[in-house]
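Worksheet: the structure to be examined is printed underneath.
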Amino acid sequence: MNTLDKSLLVFSLLLTVTTASLALLGEKRPEVYAAMAILVYFVYTSIDNSIRIRAKLHLLDLSFLLIFSLIIGYRIVIIAGIL
Amino acid sequence: MEHRYVLAGSNAIIVSAVFIAFATLNGNTTILGVSIATLILGIVLLSIGSTYEEPIKDVLKPYVKDLTLFVNSLFEDSGIIKNLHTTVCLQGGEALIIFSEKGLPCRNVRAGLGIVNDAAYIGIPSKYLFKQREAADALKKPPDLEDTLRFDLVEKYSLCRDLELSLDNDIIRLKLLSLTSAASEYLTSPLNPVKIAALLSVAKNLQKPIELVREEIAGNNYILEMRGGQA
């Protein structure tokens, strides 16, 4: 198993633990799962550089950042009572 | 592109899409959330697989091929291509890779072209590749030779998927299992970097000269038999 295989395995495990924890806590909002998965992606790929030196993830980063911002924006709007 | 990750990512996307449709139709938001997380994992794997590239491979591959042309002509001119012996000698903090007509004692050879005991040889010094591991990995040095070789050849250089090491009297038998496609390209070259990296790694870890006795390409595996060289 090479370095990238290990990094992706750790990332998958982190994502599984995060998602399972949310499900066990009874979280019903789908966007929370998406936001947490994106957060795990950014945190993990920032810490473990072996993924980024082998793959070009700029487009994926931009897309995830946009989706994450929309989710946070939507939640702020809900809390502020605008919607 | 790395097909394994593309395949894994595509599978995750397809499975999650089915569950997203199921959860939407049934109004189950928990399953919908879990499916979205799986979809994100699939997208990440697909992106990594489709944009995967070995670092600076595009520059190094043609450069190694050009160097091989040069070394081939040197081998042909010196006549050692018919009966090629490969030895790694340790000289101070450096290694010297010796290609010769017959096994030569390390004390008589130096970098460059030369003749010892009526045998022509080519000595290629290796300072940077030989020392590369020390600085970065000194803190997590694995305990034994097989683990160290696995770290170097499998995890760091990605030459193969796994390896087996066995000792038979004074013969060290190293079997590189499932060579990566990039490594397979160079096996038939006299300046075979897979062979060089393996010999250097063994010599460095044992801290003694190493001589290649036999090499064999068995399907997608590469077998190297080596023993301690003459000091």
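Predicted model, so just to flag it, every value in this text is computed and none were measured. Order of the sequence lines fixes the chain letters, A, B, ..., with proteins taken first and strands second; residue numbering starts at 1 for each chain.
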Fill in the blank from the handout: Between V154(B) and R161(B), the two heavy atoms sitting closest are CG1-O, 3.3 Å

Practice task
Could you tell me whether the side chain of D168(B) and the main chain of I171(B) form a donor-acceptor pair under 3.5 Å?
Solution key: no

Fill in the blank from the handout: Cut-off 4.5 Å, heavy atoms of chain A, and the answer for T30(B) is both

Handout entry: Minimum-distance pair of heavy atoms, taken over all atoms of K56(A) and T51(B)
Key = N-OG1, 3.1 Å

Problem - Non-hydrogen atoms of I31(B) and F22(B) that approach each other most closely - result: CD1-CE2, 4.1 Å

Handout entry: Heavy-atom closest contact (K65(B) atom, Y186(B) atom, distance)
Key = CG-CE2, 4.5 Å

Handout entry: Other residues, nucleotides, ligands: >12 heavy atoms within 6.0 Å of F19(B) CZ
Key = no

Exercise for the section: Would you mind checking which part of R4(B) comes under 4.5 Å of any heavy atom in chain A, side chain (CB onward), backbone (N, CA, C, O), both or neither? Expected result: side chain

Problem - Given V194(B), L187(B), I223(B), N192(B), the one that forms side-chain contact (heavy atoms from CB on, under 4.5 Å) with E215(B) - result: N192(B)

Fill in the blank from the handout: Ranking N28(B), L32(B), V34(B), I43(B) by heavy-atom pairs under 4.5 Å to chain A gives rank one to V34(B)

Problem - Top of T180(B), I36(B), I48(B) for chain A proximity - count of heavy-atom pairs under 4.5 angstrom - result: I48(B)

Problem - Most chain B-contacting option - heavy-atom pairs closer than 4.5 Å, from I67(A), I51(A), L15(A), I38(A) - result: L15(A)

Handout entry: Toward chain A, the part of L41(B) with a non-hydrogen atom under 4.5 Å
Key = both

Handout entry: Engaged part of L59(A) at the chain B interface, taking heavy atoms whose separation is under 4.5 Å
Key = neither

Practice task
Look at V32(A), L4(A), L22(A), L57(A) and state which one has the largest set of heavy-atom pairs under 4.5 Å with chain B.
Solution key: L4(A)

Problem - Residue L45(B) versus chain A: region with a heavy atom under 4.5 Å - result: side chain

